[in-house]
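One structure is given here, and the rest of the page talks about it.
All values below come from the heavy atoms of this structure, side chains included, with hydrogens, waters and symmetry mates left out.
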Amino acid sequence: MTAMDNKSRYSPEFDMAVRGDTITADRYISREWMDAEHRNLWPKVWHLGGVLAELEEEGDFIRHDFGKESVIMIRQEDGSIRAFYNSCPHRGNRLVLGDAGHMPRITCGYHGWQFTTDGVLAHVQDPDDFEGGNPCGRVHLSELRCESWGPFVFWCMDDDVPPLLDWLAPLPERFANYGVENWVRVLKLSCDADFNWKIIRDNFNESYHLPTIHPELATFINDGLPTTVFEMYPTGHNAMWMIGHQATTRADYHSAEVPAPLDDIARSWGIDPADYNGHTGDIRAAVIRAKRALGPERGYTMYADMTDQQLVDYFHCTLFPNLTLTMSPEQLQVLRTEPHPTDPEKCVFQHWCLFPPVPGMKEVVTPVGPVPLRHDAVARHSRYGDGVSLGFVADQDLSIGTTQQQGLNSRGFKGCILPGQEKRVQRFHELLNDYVKGQP
């Protein structure tokens with residue numbers, strides 16, 4: 001468990017060739033590139049719209065604004081969920097302005113047109129004043145595809161995109177043992193930021209920045225290259241397995257005293273960290289044994305289905321193009337960047353945290369501190385830089401966004417120079433190139 005060699009490791013089962021396309025600055029700063037993404041990228045992928053917990057009864061809805069688009073997802077009488085463009089077919093007014101709620105009918109605030117939850121026009125003012133007669137029952141809201149997975153609901157603008165579970169593959173299978181279907185979204189944080197949406201996507205597609213941007217993680221997450229497994233899937237998504245409950249092998253923590261917070265993590269499972277001074281790397285196996293023994297009585301029923309790796313390690317998935325799921329044993333983080341409607345050098349960053357509904361547990365420790373274990377206990381939108389935290393690790397990730405955006409505008413930047421461990425960054429941009437050219 002001493003410092004190890006410096007070579008990145010890719011899964012032999014999930015590795016993909018890359019071409020070596022130059023990653024140019026125009027994709028981060030050009031309005032033309034942004035317009036091409038709106039035409040050729042965003043209609044061709046599935047978008048996470050919200051969580052199913054917001055759609056329990058007929059008429060419950062979620063609104064998701066994306067770029068210049070706005071989509072309504074609404075629970076139907078038969079229990080299904082349908083998605084519609086948030087635009088009145090009368091003269092285009094946005095129908096729904098609230099983020100989420102309940103409505104027996106979808107009503108336009110301009111002229112009072114009303115639609116049933118399945119998108120059928122049910123009431124208009126002066127119905128006989130239309131050529132061809134009353135339009136009720138004959139006019140419909142424009143519908144999009146809508147499917148769900150786990151605790152989430154997704155929408156898609158294009159009929160030719162594969163079904164959601166095929167598009168997500170192999171991640172649904174990888175997440176199955178955690179039992180996330182009924183997990184509770186406790187944090188719903190977002191902010192406006194002054195950099196292109198792809199800057200943070202690049203950041204999440206590599207772990208090269210962990211020693212410099214997140215140095216405090218080194219005492220309980222092993223970011224050493226030989227111990228981290230990188231994966232790239234045929235569907236375009238990427239992932240990595242990073243060893244948890246173990247300090248980094250970039251330095252010799254193993255022969256020292258157990259560092260914080262790994263010592264407190266050990267104590268929380270009835271392990272005396274002093275017993276592991278001088279061989280701190282062995283705590284990971286001790287935590288696995290303790291979770292197997294104590295987890296069920298503490299309410300962590302999902303432990304029975306989880307592998308040893310899932311009990312202690314971190315599974316970090318970057319779904320093409322703009323969604324990240326970071327799975328740890330008792331927490332699922334969702335991190336996403338979405339484009340600004342008109343400015344290629346701005347974006348919206350979103351951070352959700354979900355936790356298992358453990359019986360008797362009233363509070364959970366989140367990236368912004370202790371929070372009640374209930375749906376959207378903390379929900380807020382801010383502007384990055386105003387002092388409102390998006391979570392301590394997310395704050396660190398966002399801290400490089402503005403300066404990188406500024407540097408990408410320099411005539412001196414000629415294209416990225418990447419080490420082997422950033423192959424996932426390279427692949428992301430090559431897929432992006434293909435989409436923008438209309439050749440996915």
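- Pro367 has its side chain out of reach of Val393: every pair of non-hydrogen atoms, C-beta onward, lies at least 4.5 Å apart.
- Using a 3.5 Å distance cut-off with no hydrogens or angles, the side chains of Arg27 and Asn433 do pair a donor with an acceptor.
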Could you please spell out the steps behind the side-chain hydrogen bond (donor to acceptor under 3.5 Å, both in side chains) verdict for Tyr303 and Glu330? CA-CA 10 Å; Tyr303 285 177; Glu330 299 89 20; 2.4 Å; yes
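- For the residue pair Arg9/Thr227, the side-chain donor-acceptor check at 3.5 Å is not satisfied.
- Annotation: side chain of Leu168 is not in contact with side chain of Phe152 (no heavy-atom distance under 4.5 Å).
- Salt-bridge annotation for Asp65 and Arg94: present, with a side-chain N of the basic residue lying under 4.0 Å from a carboxylate O of the acidic one.
- Between Glu37 and Lys198 there is a salt bridge, since a side-chain N of the basic residue sits under 4.0 Å from a carboxylate O of the acidic one.
- If you check the side chains of His140 and Asp118, you find no donor sitting under 3.5 Å from an acceptor.
- Ion pairing between Asp160 and Lys44 fails under the 4.0 Å rule for side-chain N and carboxylate O.
- Both tests hold for Arg336 against Trp352: distance to the six-membered ring centre under 6.0 Å, angle to the ring axis within 45°.
- A salt bridge links Arg250 with Asp223: the distance from a Lys NZ or Arg NE/NH1/NH2 to an Asp or Glu carboxylate oxygen falls below 4.0 Å.
- Taking the six-membered ring for Trp, Trp149 and Phe175 have ring centres closer than 6.0 Å.
- Counting heavy atoms from C-beta outward, Glu54 and Arg185 have side chains that approach closer than 4.5 Å.
- With rounding to the nearest 0.5 angstrom, the CZ atom of Arg267 is 5.0 Å from the CG atom of Asp264.
- The six-membered or imidazole ring of Tyr435 lies near that of Phe320, with a centre-to-centre distance under 6.0 Å.
- Under a 3.5 Å cut-off, the side chain of Trp269 and the backbone N or O of Ile265 do not form any donor-acceptor pair.
- Scanning both residues, Pro43 and Val161, for their nearest heavy atoms gives O-CG2, 4.3 Å.
- With Tyr10 as the aromatic partner, Lys423 meets the cation-pi criteria of under 6.0 angstrom to the ring centre and within 45 degrees of the ring axis.
- Counted within 6.0 Å of CD on Glu363, heavy atoms from surrounding residues, nucleotides or ligands total more than 12; the atom is thus considered enclosed.
- Side-chain contact between Gln404 and Asn203 is absent, with no heavy-atom pair separated by less than 4.5 Å.
- Of the possible polar contacts, none joining the His47 side chain to the Gly49 backbone as a donor-acceptor pair under 3.5 Å is found.
- Screening Phe154, Tyr85, Trp155 for a ring pair (Phe, Tyr, Trp, His ring centres under 6.0 Å) involving His64 leaves a single residue, Trp155.
- Looking at heavy atoms from C-beta onward, Asn93 lies out of side-chain contact with His90 at the 4.5 angstrom threshold.
- By the 6.0 Å contact criterion, OH on Tyr208 is open, its count of non-hydrogen atoms from other residues, nucleotides or ligands being 12 or less.
- Annotation: side chain of Glu69 is not in contact with side chain of Leu144 (no heavy-atom distance under 4.5 Å).
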